[in-house]
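A quick note: this is a predicted structure, and the numbers were derived from the prediction, not measured. All values below come from the heavy atoms of this structure, side chains included, with hydrogens, waters and symmetry mates left out. Sequence lines set the chain letters: A, B, ... in the order given, protein chains first and strands last, and positions in each chain run from 1.
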Amino acid sequence: MYDHKEIEKKWQEKWRKSGVFEYKGADDPRPKYYMLEMFPYPSGRLHMGHVRNYSIGDVVARYYFRKGFNVLHPIGWDSFGLPAENAAIENKIPPAKWTYANIDNMRERFYQLGFSYDWSRETATCRPEYYRWEQKFFIEMFNRGLVYKKNSEVNWCPKCNTVLANEQVENGICWRHGCPVEKRKIEQWYFKITEYAQELLDCLDKLPGWPDNVKEMQRNWIGRSVGTYIDFKFADSDETATVFTTRPDTLMGVTFVSMAVEHEFTAKFLEEAPNRAEMQAFIDEVKRLHLETRDENYEKKGFFTGKYLIHPLTGEKIPLYFANFVLAGYGTGIVMAVPAHDQRDFDFAKKYDLPIKIVIQPEDKPLAEPLTEAYTEPGILVNSGIFDGTKSTDAKKRISDYVIKEGKGRIGINYRLRDWGISRQRYWGTPIPMINCPKCGTVPEKIENLPVRLPENVEFSGVTSPLKDMPEFYETTCPVCGGKATRETDTMDTFVESSWYHMRYCDPKSPDAPFSRREVDHAMPVDQYIGGVEHAVMHLLYTRFFTKVLADLGYVGFREPVKNLLTQGMVCMESYSNDSGYLYPDEVYKKDGKYFTVSDDSPVNVGRVEKMSKSKKNVVDPLQLIDKYGADTARLFVLFAAPPEKDLEWSEDGVDGCNRFLFRVWNIVVPNAEIINKLKPLDKVDGAAKELWSKTHETIKKVGDEIERFHFNTAISAIMELVNATYKFKPETEDDKAVLAESLRTIILLLNPFAPHITEELAEICGMEQIVSTPFPTFSDEALVKDEMTIVIQVNGKLRDKISVSTSATAAEVEALVRAKDFSKFLKSGEIKKVIYVPGKLVNVVG
RNA sequence: GCCGGAGUGGUGAAAUAGGUAGACGCACUGGACUCAAAAUCCAGCGGGGGCGACCCCAUACCGGUUCGAUUCCGGUCUCCGGCACCA
């Protein structure tokens, strides 16, 4: 009888003790394979997303182990971060204690799922042995000018009580809490990721193993645009206002210029303005709007600066306006306005009654005046002096070149990407290793004094970081002058830790370096990385950046961390609710397609299928599932129900089906244990058993191919087919039995990466070697060769017949057989015009 | 608005390079075993027509390329995701 509880525990203990999954390092002669799943935050609660993510990785790792690779399959904990702090505030437990307890708990859960990790490399980012190296990187980056401090407007989450990076804000909403983000002006540390913008963009083209959507998301995020800087002289001074534009073809249509109120010119304009109070009021209003608002589609408003500029080509006087929609941080903060060909400028011109000058006409018919909206399509230039008649697409370059030749402009490239703000005004993170000295300013801690340790025994009196109230932490001496100084009390964004953990895994215990260059260059890049798509522009962009920095600092000899990326879909489920709110799945039952509560049989509303979430109670606890069906069933289901990159819809019936399949395997293998033990595979099989023999070897080929393509669902279905075939097969001779034995043995070996416990147990029952140390089976070409093949006969592309012919039949022979048949009633002309033969597959008769 | 991706039975999904559409699973139906039920095993299962070996329709919709299109091309619709006052 298949008893998953006993079997799974037994094998988990064996694997834990044996160290079979340990990576052997750079000295091992075998080819390496680095299999990595995004490491978890140790929340203490395992959810189905974890089960799915790590099950996918485990199949691949176990496959490559048995294919003879030196596999690095590590695990660790992304253990700094806010939840620990929030728990500390609520429950009065120090974050360190809470975190370490959760790690212990999650480690047990991972054992329970039978994952093939190299536990000897387990790493937690909240340990000083880990984050000390991050502090060293920080200082070296600082010395290289890749880190700087800036007082600027940032995103502030009132719930997190800290600053967030641009990447951590989605539509003005905190990525964690879903609460609105405020704007605040705060001094904080930045990583100069913009310095790498071009390389981050260019290298995307060299990552064929990444999904297109992730690459596209990163391209969007980096947001490169090429254009022209054009200088406009002030009418009343020698100063210049430079604009950035991607539409130099519309330069002759400029009727005003708009600028951001945050621009450095503003102070001077205010001073000189006769209506200073009014201007100040406008500026304050716009700034307030920028700080508070999340909806960016507010009404366009402006204010005349009192200044005029000279158009660089026509010499006309052009008014300069403040405009609330001009972004200070993009381009130069000043924009040339072409109301006829830009909708924002059009709206603005209408409101303030500014001239609208058409300079591009569509090729077919001229625009009807007055315009009702801006014309933004390409066309032919008009009202543009020497450029009249030029196609607007050509005029971009012509006008740009002309302006540059006149010395009034230059080519410019702008990125949407902003520098990465990494300061967090929170406690549970890596201390930023910087010191403020009244005499020497802000200076880095001495390398030999690292790590700057985060005190772990702390008490929270409120939401603010306890570090700010701990003189024993922040009081120090200046590493330069030796005088009294104070430490930085902000900590780093936890995305810094996750930017390089995959490299630490290569040499996780190194006491005097973050990792050995030799080991990291050998094991990296990660051959296969697996995680959720939600990290497409956060973690995955940061870690690419960090890798390039570490390469430039001489730590690593590669510039991209991940060769192949798989973004797995979410685990989803319908939700249930009634008047009193959401209900857990085990509080309802189904009858005739409708749902009712268990408690009082009242009807239940069914919500749409969405990501499992605690708030909607549409969750299944992996622990209950493992308890009821076992880890093998849980793993098999998440792999079988959908391809890994798609969302997976949870279905209890589907789980049941997978469990049933494992029983079917058990029930056919165990009675045949003796023949599996005794009978050796045959080199050649003829007669009745040939079909099963071929099927067995076809399945070996298919399962291997499908695992390598990440089509686990079809790999599993191929094994199911083979199991079904063994059920149908009734052996009569000794040879028949040998074929059956081989099939069953093969099923155990192929199924192992998906369901490792039951297959090891069956192997033991059948007297086979332990599967972890048994190579993945290979197929015999001989078995794949068939005597007969089925040729499909189409007439004009429609299936009409099938014939069975010898595999050695020539095209002429097949064609003759087909022509001998009568297909006249399907032929339009009544006679055969042409016969197309696709060797081994089909014949299409055309006529 | 711009940029990606997807749309296949009652249902989760297959179809690797344009070649038998719906493998495998679930649900359902029937049968065997059983006093009975469960479990298990066996069989059927896109829609329509015919007693029938068979025929017609069908991969969101319209059109094209091709001997042949779920697959390639153009257009339309819907859904999902990313970016968005970026000049």
Check this one for me: any side-chain N or O of [X] less than 4.0 Å away from OP1 or OP2 of [N]?
X      : N     : value
A/Y415 : B/C86 : no
A/K834 : B/U66 : no
A/H711 : B/A15 : yes
A/R709 : B/A15 : yes
A/R219 : B/G82 : no
A/N724 : B/G25 : yes
A/T714 : B/A13 : no

Does the [N] base have a donor-acceptor partner in the side chain of [X] within less than 3.5 Å?
X      : N     : value
A/Q794 : B/G19 : yes
A/N844 : B/C67 : yes
A/K300 : B/C85 : yes
A/K802 : B/U20 : yes

Practice item. Run the numbers on A/T305 and A/Y321 for side chain to side chain contact (heavy atoms under 4.5 Å, CB included), then give the verdict. Key: CA-CA 5 Å; A/T305 60; A/Y321 277 77; 5.6 Å; no
With sugar-phosphate meaning primed atoms plus P, OP1 and OP2, does [X] contact a base, only sugar-phosphate, or nothing at under 4.0 Å between heavy atoms?
X      : answer
A/Y837 : nothing
A/R224 : nothing
A/D345 : nothing
A/S225 : sugar-phosphate
A/G223 : nothing

Calculate the interatomic distance between [X] atom [atom1] and [N] atom [atom2]; express it in whole Å.
X      : N     : atom1 : atom2 : value
A/I793 : B/U20 : CD1   : C1'   : 12 Å
A/R800 : B/C67 : CZ    : P     : 19 Å
A/I803 : B/G19 : CD1   : P     : 20 Å

Candidate nucleotides [options], ranked by approach to the side chain of [X] - the nearest:
X      : options             : result
A/N220 : B/G4, B/C3, B/A87   : B/C3
A/M217 : B/C41, B/G82, B/G12 : B/G82
A/D653 : B/C56, B/A27, B/A87 : B/A27
A/Y727 : B/C55, B/G12, B/C41 : B/C41
A/E216 : B/A15, B/U40, B/C3  : B/C3
A/R416 : B/A87, B/A84, B/G19 : B/A84
A/E721 : B/C41, B/A23, B/A87 : B/A23
A/R344 : B/C3, B/A87, B/A13  : B/A87
A/F640 : B/G12, B/G19, B/A14 : B/G12
A/P643 : B/A14, B/G25, B/U40 : B/A14

Exercise for review: Report the base-pairing partner of B/C83 (Watson-Crick or G-U wobble, both distances below 3.5 angstrom), or none.
Suggested key: B/G1
Check your understanding: Given that both distances must come in under 3.5 Å, which nucleotide forms a Watson-Crick or G-U wobble pair with B/A37?
Key -> none
Is any NZ, NE, NH1 or NH2 atom of the basic residue among [X] and [Y] found under 4.0 Å from an Asp or Glu carboxylate oxygen of the other?
X      : Y      : answer
A/K628 : A/E652 : yes
A/R819 : A/E815 : yes
A/D653 : A/R660 : no
A/D205 : A/K215 : no

Rounded [atom1] spacing from [N] to [M] in Å:
N     : M     : atom1 : answer
B/G50 : B/C57 : C1'   : 15 Å
B/U59 : B/G22 : P     : 14 Å
B/C3  : B/G12 : P     : 31 Å
B/G10 : B/U16 : P     : 24 Å

Review point. A/P339 and A/F346: which non-hydrogen atoms are nearest, and at how many Å?
Key: O-CB, 3.2 Å
Practice item. Taking all non-hydrogen atoms of both residues into account, name the closest pair between A/R52 and A/P644 and its distance. Key: NH2-O, 3.4 Å
**Study point:** Where the chi angle of B/G75 falls, syn if within 90° of 0 and anti if not
**Key:** anti
Review point. Is there a side chain to side chain contact (heavy atoms under 4.5 Å, CB included) between A/R247 and A/V338 once you walk through the steps?
Key: CA-CA 9 Å; A/R247 293 292 306 273; A/V338 187; over 6 Å; no
Revision key, fill the gap. When A/K728 and A/K646 are each assigned the nearest nucleotide of RNA chain B, the 5'-most assignment goes to A/K646
